[in-house]
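A quick write-up on the structure given underneath.
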Protein chains: 2
Amino acid sequence: MNGLRLRSTDMYSFTEENYLKTIYYLAARQEGEVTTNSLAEMTATKAASVSDMLRKLAEKQLIHYRKYQGVRLTEEGERLALKVIRRHRLWEVFLAEKLGFGWDEVHEMAEELEHIRSEELVRKLDAFLGYPQFDPHGDPIPTPAGFMPSVEYSKLSEVPVGTEGRVMGVLEHSPEFLQHLDKTGLNLGCRVRVQEVNNFDKSVVVQINRDKTLFVSNEVARNLLVDSDH
Amino acid sequence: MNGLRLRSTDMYSFTEENYLKTIYYLAARQEGEVTTNSLAEMTATKAASVSDMLRKLAEKQLIHYRKYQGVRLTEEGERLALKVIRRHRLWEVFLAEKLGFGWDEVHEMAEELEHIRSEELVRKLDAFLGYPQFDPHGDPIPTPAGFMPSVEYSKLSEVPVGTEGRVMGVLEHSPEFLQHLDKTGLNLGCRVRVQEVNNFDKSVVVQINRDKTLFVSNEVARNLLVDSDH
DNA sequence: AAAAATTTTTAGACTCGTCTAAATTTTTAT
DNA sequence: ATAAAAATTTAGACGAGTCTAAAAATTTTT
């Protein structure tokens with residue numbers, strides 16, 4: 001009854017979709033091929049299980065796989081991965097904007113919603129949300145055609161003193177981190193001006209919204225993306 | 001990675017949820033216990049598979065099960081079934097009202113959405129929809145407390161000539177039937193007056209919205225629920 | 001009330017995705 | 001350049017959910 005009978009081509013299991021998505025994310029943040037161990041860590045499984053699955057995904061032509069050499073998405077695999085990421089981020093927008101969830105709460109639910117299989121549903125949801133460009137964390141939403149819009153923001157930890165800009169996104173998505181930002185008032189879209197960088201621990205002092213001054217640890221600063229406007 | 005690691009109690013698999021829901025529906029429309037064969041037919045599986053699952057559900061105290069004697073939900077099983085049905089119907093309302101899907105399209109997507117596990121999501125969705133009482137087919141939405149509101153409407157095939165009322169629901173949910181109603185203009189909420197019942201084939205002639213006259217086969221009439229107002 | 005037909009359950013097998021333990025390959029250190 | 005360490009893959013097993021074939025129980029027919 002379950003197993004949800006994968007009908008046509010282009011019908012992949014939750015698990016397969018999750019692996020593709022994870023490979024995409026890992027590939028985006030390192031150079032070169034994605035390793036078995038990094039996948040095992042990300043998916044909270046054992047390397048042996050990953051190895052098995054990689055063999056299957058390679059058979060289905062979704063990844064390029066040379067034993068012991070790591071893995072890379074094929075064009076088809078990337079298309080699928082971006083489809084899943086698109087669904088994930090659109091549902092996150094829905095949960096935040098329409099249902100009123102906090103940006104620290106939406107990820108887990110979107111992990112389930114992203115696997116609902118209906119092209120039409122995604123199209124209608126997109127329209128209902130007003131064709132958003134970014135999810136609640138500032139991550140760009142892949143286009144229906146399967147293209148990931150590129151954004152080039154800087155890490156707050158890497159801009160020079162005096163830089164002024166806007167908080168545009170985060171590199172860390174854990175509820176703990178996001179709640180910390182909420183608490184300190186570093187919301188998406190807020191103006192920041194770097195007033196000082198401490199050489200010792202690379203922490204920075206920023207002024208937010210041309211108002212209060214805030215101490216930001218390097219740990220936080222290197223996970224905050226800013227759009228520096230000069 | 002998949003399998004979705006069922007964490008606490010009160011965490012059941014898609015399959016288990018589907019069986020409970022199906023048992024609820026079958027129990028509601030017949031007297032007595034639900035049979036293995038009827039479940040096999042409803043869930044599109046074989047009797048052997050159903051038998052297996054019934055043993056498991058009985059172990060988990062979700063059903064009363066005596067071999068060869070059919071099956072009945074326990075209190076806990078019914079609570080769970082109603083939770084799933086509540087989620088299903090709320091998502092149907094969302095799909096129809098907010099995304100603009102037709103009432104003939106929403107069921108299949110809701111079959112997947114109903115398994116998203118988050119109490120908070122259901123609460124927020126309910127509020128977002130304005131606490132609807134009925135789904136797009138006129139079926140009542142179980143309360144958060146796990147109570148199924150009863151409605152007592154009559155089948156159009158069983159009301160006497162001269163009866164005037166409103167179409168309030170359907171007993172058949174197939175896209176084909178619903179599309180047929182769309183085509184003939186027998187929408188939910190429309191006024192009907194029974195002008196004639198043909199004794200030969202039990203077809204009826206109705207006037208809709210005090211306007212045009214329509215011929216309705218018995219096949220259709222016995223799947224239409226009306227709220228007769230006198 | 002026995003025989004026949006039907007329904008249900010059991011037995012054994014299969015797929016998917018996972019695991020542990022052992023084997024193999026690659027990388028790092030000496 | 002070889003030995004040690006680390007990463008990866010293979011082998012074999014398991015649970016969930018399904019299947020087919022066969023056995024057992026129940027119901028219907030005669």
Side-chain angles (χ1 to χ4, degrees), chain A residues 1-7 9 11-23 26 30-60 62-72 84 111-112 115 117, chain B residues 1-9 11-23 26 30-60 62-72 80 84 111-112 115 117:
Chain A
M1 178 163 192
N2 201 11
L4 19 127
R5 300 166 227 42
L6 305 180
R7 286 153 286 235
T9 36
M11 291 244 99
Y12 298 96
S13 69
F14 279 34
T15 308
E16 288 168 326
E17 288 192 347
N18 280 335
Y19 270 94
L20 294 174
K21 184 185 62 168
T22 307
I23 293 168
L26 287 176
Q30 314 145 125
E31 274 318 297
E33 321 259 291
V34 174
T35 66
T36 301
N37 261 4
S38 62
L39 276 166
E41 192 187 350
M42 273 287 262
T43 59
T45 57
K46 297 302 157 88
S49 314
V50 173
S51 227
D52 251 22
M53 180 56 80
L54 293 183
R55 194 179 33 69
K56 288 183 206 163
L57 292 175
E59 264 168 32
K60 296 187 184 184
L62 298 171
I63 59 174
H64 295 292
Y65 175 45
R66 286 173 16 256
K67 279 189 201 167
Y68 297 99
Q69 304 303 308
V71 90
R72 190 162 48 80
V84 177
E111 284 289 297
E112 300 186 43
H115 300 293
R117 307 152 196 293
Chain B
M1 178 164 192
N2 200 12
L4 19 130
R5 299 168 227 38
L6 306 180
R7 287 152 285 235
S8 55
T9 37
M11 290 246 100
Y12 299 97
S13 69
F14 280 34
T15 309
E16 289 169 325
E17 288 192 349
N18 279 335
Y19 271 94
L20 293 174
K21 183 185 63 169
T22 307
I23 293 168
L26 287 174
Q30 316 143 125
E31 274 318 298
E33 321 259 291
V34 174
T35 67
T36 301
N37 261 4
S38 62
L39 276 166
E41 191 187 350
M42 273 286 262
T43 58
T45 57
K46 296 304 157 83
S49 313
V50 173
S51 227
D52 252 22
M53 180 56 81
L54 293 183
R55 194 179 34 69
K56 289 182 207 166
L57 292 175
E59 265 167 32
K60 297 187 183 183
L62 297 172
I63 58 173
H64 294 293
Y65 175 46
R66 286 173 14 256
K67 279 188 201 168
Y68 296 100
Q69 303 304 307
V71 89
R72 192 162 45 81
L80 249 18
V84 177
E111 284 289 297
E112 300 186 44
H115 300 294
R117 305 151 198 294

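Sequence lines set the chain letters: A, B, ... in the order given, protein chains first and strands last, and positions in each chain run from 1. Values in this document were obtained by computation on a predicted structure and should not be read as measured data.
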Are any of [X]'s side-chain N or O atoms less than 4.0 Å away from OP1 or OP2 of [N]?
X	N	answer
B:Lys67	D:dT26	no
A:Asn37	D:dA6	no
A:Thr36	D:dT9	yes
A:Lys46	C:dT20	yes
A:Ser49	C:dG17	no
A:Tyr12	C:dC16	no
A:Ser13	C:dG17	yes
B:Thr35	C:dT7	no
B:Tyr68	D:dA23	no

Fill in: Student check: side-chain heavy atoms of B:Val84 and B:Leu20 closer than 4.5 Å
no
Could you tabulate the donor-acceptor pairs under 3.5 Å formed by side-chain atoms of residues 30-41 of chain A, not counting sequence neighbours?
{"from": "A:Gln30", "atom 1": "NE2", "to": "A:Leu26", "atom 2": "O", "distance (Å)": "2.8"}
{"from": "A:Glu33", "atom 1": "OE2", "to": "A:Arg72", "atom 2": "NE", "distance (Å)": "3.3"}
{"from": "A:Thr35", "atom 1": "OG1", "to": "A:Ser38", "atom 2": "N", "distance (Å)": "3.2"}
{"from": "A:Thr35", "atom 1": "OG1", "to": "A:Ser38", "atom 2": "OG", "distance (Å)": "2.9"}
{"from": "A:Ser38", "atom 1": "OG", "to": "A:Thr35", "atom 2": "N", "distance (Å)": "3.4"}
{"from": "A:Ser38", "atom 1": "OG", "to": "A:Thr35", "atom 2": "O", "distance (Å)": "2.8"}

Worksheet entry | Parallel, tilted or perpendicular, as decided by the 30° and 60° cut-offs, for the rings of B:Phe14 and B:His115 | parallel
Item to complete: Among C:dC16, D:dT8, D:dA21, find the nucleotide with the atom closest to the side chain of A:Ser51.
Response: D:dT8
Fill in: Candidates C:dT9, D:dG17, D:dT10 - which lies nearest the side chain of B:Thr15
D:dG17
Worksheet item: Can you name the closest pair of heavy atoms from A:Thr43 and A:Thr45 and give their distance?
Response: OG1-OG1, 2.9 Å
Worksheet item: Which heavy atom in B:Tyr65 sits nearest to a heavy atom in B:Gly70, and how many Å separate them?
Response: CD1-O, 3.9 Å
Worksheet item: Taking only Watson-Crick and G-U wobble pairs with both distances under 3.5 Å, what dot-bracket line describes DNA chain D, where [ ] shows pairs that cross earlier ones and | shows pairs with another strand?
Response: ||||||||||||||||||||||||||||||
Fill in: Gap between atoms CD and P, on A:Glu33 and D:dT8 respectively (whole Å)
12 Å
Worksheet, complete the sentence: One should read off an interatomic distance between A:Tyr19 OH and A:Leu62 CG, to the nearest 0.5 angstrom, of 13.5 Å
Item to complete: List in chain and number order the residues that pass salt bridge (charged side-chain N to carboxylate O under 4.0 Å, His left out) with B:Lys56, two or more places apart in sequence or in another chain; answer none if no residue qualifies.
Response: none
